[in-house]
Number of protein chains: 2
Amino acid sequence: MTPVSKFRAFNGALSVHDHDSAVTGTSMRFAVFVPPQAEAGLVPVLWYLSGLTCNWSNVMEKGNLQAAAARHGVIVVAPDTSPRGEDVPDDEAYDLGQGAGFYLTATQAPWSQNFNMDRYITEELPQIILDNFPADMSRQGIFGHSMGGHGALILHLKHPKTYKTCSAFSPIVAPSQVPWGHKAFTAYLGEDRSNWAEYDACALMRKQASQAHILIDQGMADNFLEEQLKPELFEAACAESGQKLTLRRQAGYDHSYYFISTFMDDHIAHHAGALKR
Amino acid sequence: MTPVSKFRAFNGALSVHDHDSAVTGTSMRFAVFVPPQAEAGLVPVLWYLSGLTCNWSNVMEKGNLQAAAARHGVIVVAPDTSPRGEDVPDDEAYDLGQGAGFYLTATQAPWSQNFNMDRYITEELPQIILDNFPADMSRQGIFGHSMGGHGALILHLKHPKTYKTCSAFSPIVAPSQVPWGHKAFTAYLGEDRSNWAEYDACALMRKQASQAHILIDQGMADNFLEEQLKPELFEAACAESGQKLTLRRQAGYDHSYYFISTFMDDHIAHHAGALKR
């Protein structure tokens, strides 16, 4: 783990690190905010997964994150959204390749060698967090935005005992049914749609609800709402499976970090409350 | 005034606008955050002046500003830091020319035609705010960061009845005595140092204190502290003149927006409290 930079914020510490990932075969960069409460003992850990094109910095700079994490006493980890580098496959479009990992294990060439973001986040990075930060790994939650909301929902549903709490800002809830997901899943997973279901939050939800109370905020002035996000599909799947869900439709809000920052404190409070000992 | 973009945040509205400025002879862009309290009547106005290289977006994206302005019920205006454009004089360095207006009226070629940021901010932009936003212009405060902290201090001291309250994050308090100021003042005002004093917060303070209680936060891990900022010079000038000053030396904090965002709520509360009717 190589230190990149470190900042004091809200009486806590934001640090950025590089490390060589065996899972992606690349150097990976991530950021961790440690709140002041960690001086007194281990604190819960929240995983924040970012959306298309983003890296650690979007939420750490624009998300109102440190204020909320310091208020509620949680560590927040912000991984990158894909492997990156000159030797890593890419696509000219913003929604495929570097910056668009979709939190899955790619099976198709040329992506399959590096694009393993689900295993990176669920297996490799947690060990690094455990070894280097005052993290209580028995109290983890996961949340994210857009493509990262998709990541948070599927990783929670696939690993409910690891990520005990879950929330999302304007998530892609049904990638199998929208253009962003069609394109990415076809490239990363191939044409056979039976391989898509394990990365589709609506499909996973229809199989099995979780014990958590999921919180979703969705801006009603979000340009991607109707074509890409379709929260009503997840709402229906949750109703079918008996999942406890609060879906808040926020009038006037768009897809930006102005929206995320507005509701960041609510989300972190939601996780911290449920993870309280 | 031409609308550029508009965002809902913290139940208020952030809007960005272009307009043709007679003072700078260019198109100028600024942002305004209007808090939800403005639905019930006119609210106080704070002017946030940014530092070198910045424009409206730095503080609006990274400053934790909307949260604090919505909590305390104030409008915040974020002007640009200089005129900009292909026809506007510039310098390759980040600390002269476009992005580095230093909140003064330039008297030297080639700068004197466009670089009149003090008159832009004190004369032209207030009329636009008065005409277009629910602003109580009898209750204005001014604050800023670094070069913008310099701007806030000098404009408060020169116009104490207009800007009744003042605060700053890591301000340049004595431009006549530090490299950033030497370079800019020589270029914009010429070699004759007698013309520099009216734009030097320490010099102005030694002439006349204000009725306000000035708040300054300064990070002690700020790389510019010793060479460019020198808050002890302003502290001494305030003591000499009987100015009420709270200078907080914040251990571990640097010059970044992580520092600013940490103390933004304190600053906006400081202004809002003093501007309360």
Side-chain angles (χ1 to χ4, degrees), chain A residues 4-16 31-36 39 54 56-71 76 78 169-170 217-223 248-269, chain B residues 4-16 31-36 39 54 56-71 76 78 169-170 217-223 248-269:
Chain A
V4 175
S5 53
K6 190 162 186 176
F7 309 91
R8 188 160 176 80
F10 289 89
N11 291 316
L14 170 64
S15 56
V16 184
V32 180
F33 179 71
V34 177
E39 287 170 22
C54 293
W56 69 269
S57 68
N58 303 71
V59 73
M60 290 299 185
E61 292 180 347
K62 303 181 180 181
N64 193 28
L65 188 142
Q66 293 92 341
R71 188 174 296 121
V76 183
F169 303 97
S170 37
D217 274 310
Q218 173 62 57
M220 298 310 285
D222 184 327
N223 287 332
R248 307 193 300 189
R249 293 174 164 90
Q250 304 284 8
Y253 286 89
D254 65 12
H255 202 66
S256 74
Y257 267 90
Y258 295 116
F259 159 65
I260 297 171
S261 66
T262 299
F263 300 106
M264 180 59 78
D265 194 271
D266 288 357
H267 282 243
I268 291 189
Chain B
V4 175
S5 53
K6 190 160 185 176
F7 308 91
R8 189 160 175 81
F10 289 89
N11 292 316
L14 170 63
S15 57
V16 185
V32 179
F33 178 71
V34 177
E39 287 170 23
C54 293
W56 68 269
S57 68
N58 303 72
V59 73
M60 291 298 185
E61 292 180 348
K62 303 180 179 181
N64 193 28
L65 187 142
Q66 293 92 341
R71 188 174 295 120
V76 183
F169 304 97
S170 38
D217 274 310
Q218 174 61 57
M220 298 311 285
D222 185 327
N223 287 333
R248 306 193 299 190
R249 292 176 164 88
Q250 304 285 7
Y253 286 89
D254 65 12
H255 202 66
S256 73
Y257 268 89
Y258 295 116
F259 159 66
I260 296 170
S261 66
T262 300
F263 299 107
M264 180 59 77
D265 196 272
D266 288 357
H267 281 243
I268 290 189

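Convention: sequence-line order gives letters A, B, ...; per-chain numbering from 1. Heavy atoms only: backbone and side chains are in, while hydrogens, waters and symmetry mates are out.
Residue contact with chain A, scored on non-hydrogen atoms closer than 4.5 Å, involves the backbone of B:Ala251 exclusively. B:Tyr257 does not touch chain A: none of its heavy atoms, backbone or side chain, sits under 4.5 Å away. Of the two parts of B:Ser261, the backbone and the side chain both hold a non-hydrogen atom closer than 4.5 Å to a non-hydrogen atom of chain A. B:Asn11 touches chain A through backbone and side chain together, each having a heavy atom under 4.5 Å away. Interface residue B:Leu14: only side-chain heavy atoms are found under 4.5 Å from chain A.
Of all heavy-atom pairs between B:Thr262 and A:Phe10, the closest is OG1-N, 2.9 Å.
The shortest side-chain heavy-atom distance between B:Tyr258 and A:Gln66 falls under the 4.5 Å cut-off.
For A:Asp266, the CG atom counts as densely surrounded, since its 6.0 Å shell holds more than 12 non-hydrogen atoms of other residues, nucleotides or ligands.
To the nearest 0.5 Å, atom CD of residue B:Glu61 and atom CD of residue A:Glu61 are 9.0 Å apart.
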